[in-house]
2 protein chains.
Amino acid sequence: MKQLLGNLKIAVHDKLYLKDPESSLLGKKIIEHSILLIDEIGFEGLTFKKLGTAIGSNESSVYRYFENKHKLLLYLTSWYWGWIEYQLVFETHSIGDASEKLDKAIEIICRPIVEDSSYAHINEVLLNKMVINEFSKSYLTKEVDEENKEGYFSIYKRLVHRLEEMIQTINAEYKYPTSLASTIIETSLHQQFLKDHFKSITNCNNKISTADFLLNFVAKILKK
Amino acid sequence: MKQLLGNLKIAVHDKLYLKDPESSLLGKKIIEHSILLIDEIGFEGLTFKKLGTAIGSNESSVYRYFENKHKLLLYLTSWYWGWIEYQLVFETHSIGDASEKLDKAIEIICRPIVEDSSYAHINEVLLNKMVINEFSKSYLTKEVDEENKEGYFSIYKRLVHRLEEMIQTINAEYKYPTSLASTIIETSLHQQFLKDHFKSITNCNNKISTADFLLNFVAKILKK
DNA sequence: CGAATATAATAGTATTACTATCATATTTGA
DNA sequence: TCAAATATGATAGTAATACTATTATATTCG
């Protein structure tokens, strides 16, 4: 993985930033500390003023990279899904059997994150936590339709379509491949959240993983 | 339904308000217009100042009923789940067959909302839209654990447990009844949202309902 | 009818979410 | 290498938000 992704830049929609944060040290510090700060105080608590202080600079420097914190959230979540997508594509590429392929994909989506040293400024473990807690907020807005039209969610949607294709290959007669694909991703995040905060309404825990639940689930649904 | 619920007050956790909005005309107007206003401008756009104007009063009056808009959101979503729960309990009560019972429950959770004249000040159609768009935001916060301990989410969790019980009755060997129950509710909201905003990643539309997807889904998962 | 309670109006505060301006440092490219 | 361009840093300012506090005015209730 490390070797494969070593020099790959995760391509995020370029209207999500004013200046590419990957293009400078300061930009990378913004990304780095936004993840750390959101983990500490939550997305609602984040302000560009605090983020400015965290990077040893001030508000105005952050505003030169991102219009507002909503765009920053879109940037971070897009990056995350892009990163997951690469792993999924590379790690399932050589698998011939469709069922095995989908299982692997589910494992990749659900597995505990390990840090990827290719991106030194990004703490993937915390970024995953952030996606679990904040991703929904990136689209549950009044502006979702415009922003969707702009293409801000295309990486996420593409990931859903990759799962959909696998599902269709396994069972072409199954009537809801797209919904099942989007449900897999949504459920992987939701059950993870429940495990951390509403233990009484999930069976997922340290012994039973979200992947176990989803693998069982998908196997039964797609059985002919 | 109307007759049954006619005089029933949906019981919402009493720490969610400072003064019970059901106890006065002004309180009911706050509830009524908060739903309308959130539909218009979204939860992020809502302020107590705007809400005050909407009810023909001002900010300070609203603050006498609710501490802040987060508590108002918790109140509204609790009320919604309580209302759904009553329907579910009454409408499935007399059904003997467990599978039939769960199917009915899913239909109730997913069905297009019709206004319930028992609660004149609540527009259930818009409230349902609000729950789809805003419910996640009520728990995706830094305070979720404390608030959960306080019992602010108990109606929602109780609803999940009602589904869980049905699932267990149908198939006692199924290993993930709680996760399946929480997934059903989450998916019903999520697929509805996708249908409205991300059509390309769902199969649900005017012809195929979210209930169709979930019914098919649950039947396969619980088949012995 | 007077006391208690609910509502309305106004004012004030700290913070947020920016925009604008200017100074200074750093890079780069002729 | 030096001037120009660009990036960063610091400060100031604004409208709006999310409240709290106070006082005045209705309303209702014993």
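Taking the side-chain hydrogen bond (donor to acceptor under 3.5 Å, both in side chains) definition, one finds that B:K129 meets it with B:D39, sequence neighbours left out. Looking at residues two or more places apart in sequence or on another chain, you find no ring pair (Phe, Tyr, Trp, His ring centres under 6.0 Å) involving B:Y65. Among residues two or more places apart in sequence or in another chain, the side-chain contact (heavy atoms from CB on, under 4.5 Å) test is passed with A:E67 by A:L18, A:K71. Legend: residues meeting side-chain hydrogen bond (donor to acceptor under 3.5 Å, both in side chains) with B:N205, ordered by chain and number and at least two apart, are absent. Contacts of A:H197 classified as ring pair (Phe, Tyr, Trp, His ring centres under 6.0 Å), with partners at least two apart in sequence or in another chain: A:F193. In terms of the ring pair (Phe, Tyr, Trp, His ring centres under 6.0 Å) criterion, residue partners of A:Y152 (sequence neighbours excluded) are, by chain and number, A:H13. Every residue two or more places apart in sequence or in another chain that forms a ring pair (Phe, Tyr, Trp, His ring centres under 6.0 Å) with A:F66 is listed here: A:Y75. Partners of B:K157 according to the side-chain contact (heavy atoms from CB on, under 4.5 Å) rule, which considers only residues two or more places apart in sequence or in another chain, are A:F198, A:S200, A:I201, B:N148.
Judged as a ring-ring contact (aromatic ring centres under 6.0 Å, His included), the pairs with a partner in residues 27-49 of chain B (not counting sequence neighbours) are, in order, B:F48-B:Y63.
One can place CD of A:E59 at 15 Å from P of D:dG13, the figure rounded to the nearest angstrom. B:R64 places its CZ atom 15 Å from the P atom of D:dT22, with the value rounded to the nearest Å. Atom CG in B:L18 sits about 17 Å away from atom P in C:dT5, given to the nearest Å. Put simply, CZ on B:F66 is 17 Å from C1' on D:dA18, counting in whole angstrom units.
Taking the side chain of A:Y63 as heavy atoms from C-beta on, and the options D:dT8, C:dT19, D:dA18, the nearest nucleotide is C:dT19.
The phosphate of D:dT8 has OP1 or OP2 within less than 4.0 Å of a side-chain N or O from A:Y65. Contact check, A:S57 against D:dT8: no side-chain N or O comes under 4.0 Å of OP1 or OP2.
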Grab the N/O contacts between the protein and nucleotides 27-29 of chain D below 3.5 Å, and write none if there aren't any.
none

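Residue-level contact check: B:S60 touches the bases, meaning some heavy atom is under 4.0 Å from a base atom.
In the region residues 19-56 of chain A, proximity to DNA chain D at under 4.0 angstrom, judged on heavy atoms, holds for A:K19, A:S24, A:L26. Across residues 68-78 of chain A, A:N68 each have a non-hydrogen atom less than 4.0 Å from an atom of DNA chain C (numbered order).
For a distance-only test at 3.5 Å, the side chain of A:N58 qualifies as a donor-acceptor partner of the base of D:dA10. Between the side chain of B:S61 and the base of C:dA8 there is no donor-acceptor pair of N/O atoms closer than 3.5 Å.
Remark: the B:H70 side chain and the B:E147 side chain contain an N/O donor-acceptor pair separated by less than 3.5 Å.
Looking at B:E32 and B:K29, no side-chain N of the basic residue comes within less than 4.0 Å of a carboxylate O on the acidic one, giving no salt bridge.
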